[in-house]
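Being a predicted model, the structure only gives us computed values, none of them experimental.
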Amino acid sequence: MMMMQYCLDALKHFSTFLLTCCDSDFNHHSRGLPNPKDLAKGTVFTVNEIEALYEMFKSISKAGLIDKEQFQLVLFKTNRKKSLFADRVFDLFDTKHTGILDFETFARAISVFHPKAQNEDKLEFSFKLYDLKHQGFIERQEVYTFGIITGKCLCFNFSDPFLM
């Protein structure tokens, strides 16, 4: 249970970074953003938050798209070849299974971190994050594996007895 809290804290830190743009008073229309009102209706974001999120997305994307490598580098500040945590978050965001995120996919996925998002959605996301084998349940080994990887990302040193 403690590892789940550490994971949720890491996700909270990640979402704080992304949602800082939503705290700004962003009252101009974004250029190139199709139907911010429609996207806002499909998420918990307001139109102003969608517009601010779009501006942030444009600044970190390449040609309006984010691939897994860029996602890991920009949002998780790591250029390691393999990061289970970043990979899992990206894979959960990539609902179209294309290996890239466009703005609409990104906005819909990131909405789970919004303070107004439903707790059930947050719990479902957290569960999927730990369900490494996509079995619909979480095995002890998955918690152990993910806990060790997440702990390393957060610079924690856990002993095996702590996790077992």
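Heavy atoms of other residues, nucleotides or ligands lying less than 6.0 angstrom from CD of Glu139 number more than 12.
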Show the numbers, then the answer: is there a side-chain contact (heavy atoms from CB on, under 4.5 Å) between Gln135 and Asp131? CA-CA 7 Å; Gln135 304 174 114; Asp131 185 15; 4.1 Å; yes
Full working for side-chain contact (heavy atoms from CB on, under 4.5 Å) between Tyr144 and Gln141: CA-CA 5 Å; Tyr144 178 79; Gln141 186 61 39; 3.5 Å; yes
Derivation of the side-chain contact (heavy atoms from CB on, under 4.5 Å) call for Ile50 and Phe103: CA-CA 10 Å; Ile50 290 291; Phe103 176 69; 4.1 Å; yes
The test is side-chain contact (heavy atoms from CB on, under 4.5 Å); show your working for Ile100 and Ile66 and say whether it passes. CA-CA 5 Å; Ile100 55 172; Ile66 298 176; over 6 Å; no
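Using a 4.5 Å cut-off on side-chain heavy atoms (C-beta onward), Asp91 and Lys128 make no contact. Contact of the Leu53 side chain with the Met56 side chain is registered, since non-hydrogen atoms from C-beta on lie closer than 4.5 Å. A 4.5 Å side-chain heavy-atom check between Ile110 and Phe93 finds at least one atom pair inside the cut-off.
Atom CD of Glu104 sits about 5.5 Å away from atom CG of Leu39, to the nearest 0.5 Å. Expressed to the nearest 0.5 Å, how far OG of Ser61 lies from CG of Asp67 amounts to 10.5 Å. Of the inter-residue distances, the one linking Lys37 atom NZ with Thr46 atom OG1 reads 12.5 Å to the nearest 0.5 angstrom. A distance of 10.0 Å separates CZ in Phe90 from CD in Gln70, rounded to the nearest 0.5 Å.
Shown here for Thr43 and Ala107, the closest heavy-atom pair between the two residues is CG2-O, 4.2 Å. Across Phe125 and Phe113, no two heavy atoms sit closer than the pair CE2-CZ, 3.7 Å. In terms of heavy atoms, Val89 sits closest to Phe71 at CG1-CZ, 3.7 Å. In terms of heavy atoms, Glu142 sits closest to Leu132 at OE2-N, 3.0 Å. Across all non-hydrogen atoms, the minimal contact from Lys122 to Pro115 is NZ-O, 4.0 Å. For the residue pair Phe127 and Gly136, the shortest heavy atom distance occurs at CZ-O, 3.3 Å.
Under the 3.5 Å distance criterion, the side-chain polar atoms of Arg88 are left unmatched by any main-chain donor or acceptor of Tyr130.
Under the 4.5 Å side-chain heavy-atom criterion for Ile, Leu, Val, Met, Phe, Trp and Tyr, Val74 and Phe57 are members of the same hydrophobic cluster. Residues Val143 and Leu92 fall within the same hydrophobic cluster, defined by Ile, Leu, Val, Met, Phe, Trp and Tyr side chains chained together at heavy-atom separations under 4.5 Å.
Salt-bridge formation is not detected for the pair Lys68/Asp94: no Lys NZ or Arg NE/NH1/NH2 atom is positioned less than 4.0 Å from an Asp or Glu carboxylate oxygen.
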